[in-house]
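This report concerns only the one structure given below.
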Amino acid sequence: MKFKIVLLFILSAALFACASSQNKDEDIPAPAKQDPVIEEQARLNEKLYNQSEARMAKTLKLPAITYEFDSIRPPDYAYPFLDKVANIMKSHPSYHLIVEGHTDVLGSKEYNYWLGSSRAAAMKAYLVSRGVNAERIRIHSHGKDRPLTLDNSNEGRRTNRRVEFTFTTRNWNSIY
């Protein structure tokens, strides 16, 4: 019986010592800082997304389109942008387009390659439906191999789930 009382006293003293050693600032956790890559990518995409067709054709810089989790359907906001890209491709016959699909880290390597490829193929299919010659568009999937950020939060994973576009004037034979 004495042993139980002593043990209870020691545990109570240890618990009291732990509880009283915290400062008031430690009671409130600091908010996590957002990865600067996420903020920079969002700012850049907004700037590039709102540029005119003439500016896109001149700079050859295009925004990335982000996807919902496990989706191959282009988001609704992408269609006006894709229409601009189709118009540029039709008015500049020397331009070629590289479409690269990316995923977040969730899922197997094989599945993510398929998912990235399917996202890029969906973009290509839409552009072809708008009159762009399919031979002028190449698609690639990088799966989860080229993340923009290593932040594994919801926002970080969303930033990595994207399709990127690159205009080029080079012949396919010189690129591939």
Side-chain angles (χ1 to χ4, degrees), residues 34-53 55-57 59-173 175-176:
Q34 187 169 9
D35 187 340
V37 172
I38 297 170
E39 293 171 3
E40 177 63 22
Q41 186 66 27
R43 187 191 62 74
L44 179 64
N45 275 344
E46 182 179 354
K47 178 182 173 185
L48 292 176
Y49 186 79
N50 291 322
Q51 65 185 334
S52 67
E53 286 180 25
R55 181 86 177 140
M56 278 186 200
T59 64
L60 303 180
K61 293 184 179 181
L62 301 170
I65 300 298
T66 58
Y67 274 76
E68 293 299 319
F69 177 72
D70 205 26
S71 174
I72 61 172
R73 183 180 176 277
D76 291 339
Y77 77 88
Y79 293 108
F81 161 73
L82 291 171
D83 289 338
K84 288 181 187 178
V85 172
N87 291 337
I88 292 168
M89 294 287 290
K90 289 188 283 187
S91 63
H92 294 83
S94 64
Y95 285 6
H96 293 88
L97 185 67
I98 301 169
V99 183
E100 299 171 298
H102 301 268
T103 65
D104 60 23
V105 298
L106 303 177
S108 70
K109 188 171 189 162
E110 295 81 14
Y111 178 75
N112 281 329
Y113 271 110
W114 172 84
L115 186 59
S117 179
S118 296
R119 287 173 175 167
M123 296 292 184
K124 179 179 179 176
Y126 183 81
L127 292 170
V128 169
S129 77
R130 293 295 186 243
V132 178
N133 183 346
E135 294 296 317
R136 296 174 55 207
I137 304 171
R138 295 286 193 267
I139 63 170
H140 297 283
S141 177
H142 298 290
K144 57 184 173 181
D145 292 342
R146 293 187 182 178
L148 288 177
T149 179
L150 298 178
D151 183 352
N152 204 19
S153 68
N154 286 337
E155 201 57 39
R157 289 192 306 271
R158 181 177 177 78
T159 300
N160 289 332
R161 290 190 305 262
R162 69 197 186 282
V163 170
E164 295 178 332
F165 302 86
T166 307
F167 277 133
T168 183
T169 56
R170 294 172 63 188
N171 290 330
W172 288 133
N173 294 340
I175 297 173
Y176 297 106

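Judged purely by atom type and a 3.5 angstrom limit, Asn152 has no side-chain atom pairing as donor or acceptor with the backbone of Arg157. Arg130 contributes no side-chain N or O that, together with a main-chain N or O of Asn87, makes up a donor-acceptor pair within less than 3.5 Å. Between the side chain of Ser129 and the backbone N or O of Tyr126, at least one donor-acceptor pair lies under 3.5 Å. Counting only distance, with no hydrogens or angles, the side chain of Arg138 and the backbone of Glu135 share a donor-acceptor pair below 3.5 Å. A donor-acceptor pair is defined here as one N or O able to donate and one able to accept, closer than 3.5 Å; such a pair exists between the side chain of Arg161 and the backbone of Tyr67. Judged purely by atom type and a 3.5 angstrom limit, Lys124 uses its side chain to pair as donor or acceptor with the backbone of Ile137. A donor-acceptor pair under 3.5 Å is formed between the side chain of Asn112 and the backbone N or O of Leu106.
When all heavy atoms of Asp76 and Pro80 are compared, the closest pair comes out as O-CD, 3.9 Å. The two residues Gly156 and Thr149 have their closest heavy-atom pair at O-CG2, 3.5 Å. In terms of heavy-atom proximity, Glu164 sits nearest to Ala64 at CG-CB, 4.0 Å. The minimum heavy-atom distance between His96 and Arg170, with the atom names listed, is ND1-O, 3.3 Å. Across all non-hydrogen atoms, the minimal contact from Val132 to Ala86 is CG2-CA, 3.7 Å.
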Please determine whether side chain to side chain contact (heavy atoms under 4.5 Å, CB included) holds for the pair Leu148 and Arg162, giving the CA-CA distance in whole Å, both sets of side-chain angles, and the decisive distance to 0.1 Å. CA-CA 10 Å; Leu148 288 177; Arg162 69 197 186 282; 3.5 Å; yes
Begin from the C-alpha positions of Arg119 and Thr103 and carry the test side chain to side chain contact (heavy atoms under 4.5 Å, CB included) through to its verdict. CA-CA 9 Å; Arg119 287 173 175 167; Thr103 65; 3.9 Å; yes
Run Val105 and Asn160 through side chain to side chain contact (heavy atoms under 4.5 Å, CB included) and show every step you take. CA-CA 8 Å; Val105 298; Asn160 289 332; 5.5 Å; no
With side chain to side chain contact (heavy atoms under 4.5 Å, CB included) as the criterion, how do Leu48 and Leu62 come out once you've worked through the C-alpha distance, each side chain's angles and the decisive distance to 0.1 Å? CA-CA 6 Å; Leu48 292 176; Leu62 301 170; 5.9 Å; no
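Separating the CG atom in Leu97 from the CG atom in Asn133 is a distance of 12.0 Å, to the nearest 0.5 Å. To the nearest 0.5 Å, the span separating OG1 on Thr66 from CD on Glu155 amounts to 8.5 Å. Remark: Thr169 OG1 to His92 NE2 distance equals 11.0 Å, nearest 0.5 Å. Asp83 CG to Glu53 CD: the interatomic distance, rounded to the nearest 0.5 Å, is 8.5 Å.
By the 4.5 Å heavy-atom criterion applied to side chains, Asp145 and Lys109 are counted as neighbours. At least one side-chain heavy atom of Ile72 sits under 4.5 Å from a side-chain heavy atom of Leu115. Contact annotation: the side chain of Gln51 approaches that of Thr59 to within less than 4.5 Å [non-hydrogen atoms, C-beta and beyond]. With a 4.5 Å cut-off on side-chain heavy atoms, Glu68 and Pro75 do not count as touching. Put simply, the side chain of Phe81 reaches to within 4.5 Å of the side chain of Met56, judged on heavy atoms. Contact of the Phe165 side chain with the Ile65 side chain is registered, since non-hydrogen atoms from C-beta on lie closer than 4.5 Å.
Between Tyr113 and the choices Ser118, Ser108, Ser141, the side chain to side chain contact (heavy atoms under 4.5 Å, CB included) rule is met once, by Ser141.
Lys90 NZ: more than 12 foreign heavy atoms inside a 6.0 Å radius.
Note: His102 and His142 have parallel aromatic rings, judged against thresholds of 30 and 60 degrees for the angle between ring planes.
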